[in-house]
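A short write-up of the structure that comes next.
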There are 2 protein chains.
Amino acid sequence: MPIQLSPGDLPVVAGTGPDVCARPALVSDPIDEASAAGLAQVFRALGDPVRLRLLSLIGAREGGEACVCDLTSAFDLSQPTISHHLRVLREAGLIDSDRRGTWVYYRLVPSALERMAGLLSVPLG
Amino acid sequence: MPIQLSPGDLPVVAGTGPDVCARPALVSDPIDEASAAGLAQVFRALGDPVRLRLLSLIGAREGGEACVCDLTSAFDLSQPTISHHLRVLREAGLIDSDRRGTWVYYRLVPSALERMAGLLSVPLG
DNA sequence: GGGCTTCATAGATGTCTGTCGATACAGAAG
DNA sequence: CTTCTGTATCGACAGACATCTATGAAGCCC
C-alpha cells in the first residue's frame with residue numbers, strides 16, 4: 001500500500017456531491033497556507049501537457065471512461081509513464097479508476113473539476 | 001534573456017477581452033499537443049502554494065492591486081523568491097504589473113482566470 | 001499449471017524548479 | 001551626484017519531477 005493520502009491535506013471532494021457552487025473563489029478572500037497547499041497539488045496535477053491531454057481524452061470518450069490501453073496508444077510515451085500520470089491525476093482526485101477484468105477504466109470526477117473551476121471564477125474582477 | 005516565451009505556444013488572452021465564455025471545455029473534446037502545452041504552463045503557474053496565495057492576496061486587496069512590499073511581508077520567504085513567483089504568474093498571463101514611482105503594483109487578469117475556469121467546467125459530466 | 005495480456009511499481013537518470021544570497025537597476029530624496 | 005528604498009536579475013544548489021527499462025501483480029485462456 002505505497003500510496004496513502006493523508007486525508008487532512010487533500011481537500012478533495014468525495015464523490016460527486018452537488019455542493020459545486022459554494023463559490024470559495026480563491027480570489028475574493030486570502031486563503032491560508034493549508035488550503036493553498038492542497039489546491040496547489042491539484043493545479044500541479046493539471047500542469048502537465050500529457051495529463052491535460054489524458055483528461056481530455058477520458059472526458060471526450062463516449063461513456064466518459066477510457067481504459068489505459070486506449071490512452072497509452074495516444075501518446076509517444078511508455079506505458080509506465082502514462083500509468084504514472086494517471087496516478088498523479090487520481091491522487092489529485094481528478095479521476096477515478098475501476099478495474100473490469102483485465103482492463104482498468106478511468107473516468108473524470110466532475111465535482112473535482114467544477115470545484116477548481118469555481119475557485120478560478122472571479123467574483124467581480 | 002533567459003526566459004523567453006515563444007508567442008505561439010502560449011495561448012494567453014491579451015488584455016481583458018470579453019470573449020470569456022467561449023466554452024473550449026478541455027473535457028468535451030480532445031485537445032492537441034500545442035494547446036496542452038500552453039494550458040499546462042498556466043496550470044503549472046497555479047500549482048504552487050505560494051503563487052496561489054499571491055493571487056489570493058492580490059485579488060482580496062481593495063482596488064484589486066498590491067505592491068510587492070505588501071506581498072513580500074505576507075510570507076516567510078525572501079524578496080527575490082516572491083519576485084520570482086510573481087514573474088511566473090505574469091508570464092502565465094494571470095497577473096499584470098504596473099510601476100508607479102518606486103513601487104510596482106500587481107493586479108489580476110480576470111479574463112485569464114475565467115478562461116482557465118471555463119476549461120475545467122464539465123459540459124455534462 | 002503455463003502462458004499471455006493489461007496495468008502498476010521499483011529503481012535509475014537527466015532535467016526542471018523553488019529557494020537563497022549577492023548584486024544590479026529604477027526612482028525618490030537629500 | 002550620492003544615497004536610500006523598492007524590485008528585478010544572476011548564479012548556485014538541493015529537492016522534485018518526467019521519463020525510461022526491468023520487473024511484479026492481476027486476470028483471462030489454453
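The sequence lines fix the lettering, A, B, ..., with proteins before strands; numbering per chain opens at 1.
- Distance, B/Arg87 CZ to C/dT19 P: 14 Å, rounded to whole Å.
- The separation between A/Phe43 atom CZ and D/dA16 atom C1' is 20 Å, rounded to whole Å.
- The closest donor-acceptor contact from the side chain of B/Arg99 to the backbone of B/Gly101 lies under 3.5 Å.
- Between A/Tyr105 and the phosphate of C/dT6, there is no side-chain N or O to OP1/OP2 separation shorter than 4.0 Å.
- Protein atom CG of A/Asp98 is 12 Å distant from nucleotide atom P of C/dA8, rounded to whole Å.
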Hey, what are the protein-to-nucleotides 25-30 of chain C N/O distances that come in under 3.5 Å?
none

What's touching nucleotides 18-22 of chain D from the protein side, N or O pairs under 3.5 Å?
residue	atom	partner	partner atom	Å
D/dA18	OP1	A/Arg51	NH1	3.3
D/dA18	OP1	A/Arg51	NH2	2.8
D/dA18	OP2	A/His84	NE2	3.2
D/dT19	OP2	A/His85	NE2	2.2
D/dC20	OP2	A/Ser78	N	2.9
D/dC20	OP2	A/Ser78	OG	2.9
D/dC20	OP2	A/Thr81	OG1	2.7

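- Residue A/Tyr106 places none of its side-chain N or O atoms closer than 4.0 Å to OP1 or OP2 of C/dT6.
- A donor-acceptor pair is defined here as one N or O able to donate and one able to accept, closer than 3.5 Å; such a pair exists between the side chain of A/Thr72 and the backbone of A/Val68.
- Evaluation of the side-chain hydrogen bond (donor to acceptor under 3.5 Å, both in side chains) test over residues 43-54 of chain A, restricted to residues two or more places apart or in two chains, returns A/Arg51-A/His85.
- Atom CD of B/Glu91 and atom P of C/dT17 are 11 Å apart (whole Å).
- Residue contacts for B/Phe75: at a heavy-atom cut-off of 4.0 Å it reaches no nucleic acid atom on any strand shown.
- Stacking of B/Arg100 on the aromatic ring of B/Tyr105 is recorded, both the 6.0 Å distance cut-off and the 45° axial limit being met.
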